[in-house]
Amino acid sequence: MANYSRTSPYANTPMWGEFLDQWQGIVIPADQTDAVYQIDKPYNFRPDKLAYDMYQDAGLWWVFAVRNPDVIIDPILDFTTDKIIYVPTRKVIQQTIGT
């Protein structure tokens with residue numbers, strides 16, 4: 001049985017042998033420290049690059065979609081230049097997922 005790290009979007013999802021059960025999402029709550037960010041051209045379709053530049057962890061690419069579910073449905077294809085999103089601080093992520 002594989003276990004996913006705390007930084008994975010599947011960290012809370014139970015496993016059935018080698019298979020994932022129904023996804024148990026992680027909620028990144030709104031916080032007064034969230035930054036309002038307009039996605040720049042170098043990050044077009046690249047949430048992993050922004051996650052690396054902001055958090056030094058490209059594996060946190062999914063945080064932007066989870067924090068902005070009304071704006072980013074597809075975490076890659078909806079991550080487009082000039083879209084305005086909320087970006088949580090590293091501290092909020094650490095408190096939420098326990099890293």
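All values below come from the heavy atoms of this structure, side chains included, with hydrogens, waters and symmetry mates left out.
In terms of heavy-atom proximity, Leu60 sits nearest to Ala51 at C-CB, 3.7 Å. When all heavy atoms of Ala65 and Ile72 are compared, the pair lying nearest together is CB-CG2, 3.8 Å.
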**OP:** Please test Ile84 against Val36 for side chain to side chain contact (heavy atoms under 4.5 Å, CB included), starting from the C-alpha separation and ending with a verdict.
**Re:** CA-CA 7 Å; Ile84 297 173; Val36 177; 3.6 Å; yes

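If you chain together hydrophobic residues whose side chains sit under 4.5 Å apart, Val66 and Val71 fall into the same group. Hydrophobic clustering (ILVMFWY, side-chain heavy atoms < 4.5 Å, transitive): Tyr43 and Phe45 are in distinct clusters. When hydrophobic clusters are built by joining Ile, Leu, Val, Met, Phe, Trp and Tyr residues whose side-chain heavy atoms come closer than 4.5 Å, directly or via intermediates, Tyr86 is not grouped with Phe79.
Listed by first then second residue, pairs satisfying side-chain hydrogen bond (donor to acceptor under 3.5 Å, both in side chains) with a partner in residues 62-84 read Asp34-Arg67, Gln38-Asp82, Asn44-Thr81, not counting sequence neighbours.
For Asp31, the side chain to side chain donor-acceptor pair (under 3.5 Å) test picks out Thr33, with sequence neighbours left out.
Under the 30°/60° scheme for interplanar angles, the aromatic rings of Phe64 and Tyr55 are found to lie parallel.
Residue Thr89 holds its OG1 atom at 9.5 Å from CE of Met54, rounded to the nearest 0.5 Å. For the atom pair CD1 (Ile39) and CG (Leu50), the distance works out to 7.5 Å, reported to the nearest 0.5 Å. For the atom pair CD of Gln56 and CZ of Arg90, the computed distance is 7.5 Å after rounding to the nearest 0.5 Å.
Residues near Tyr52 contribute nothing to a hydrophobic cluster around it, because no ILVMFWY side-chain heavy atom sits closer than 4.5 Å to its side chain.
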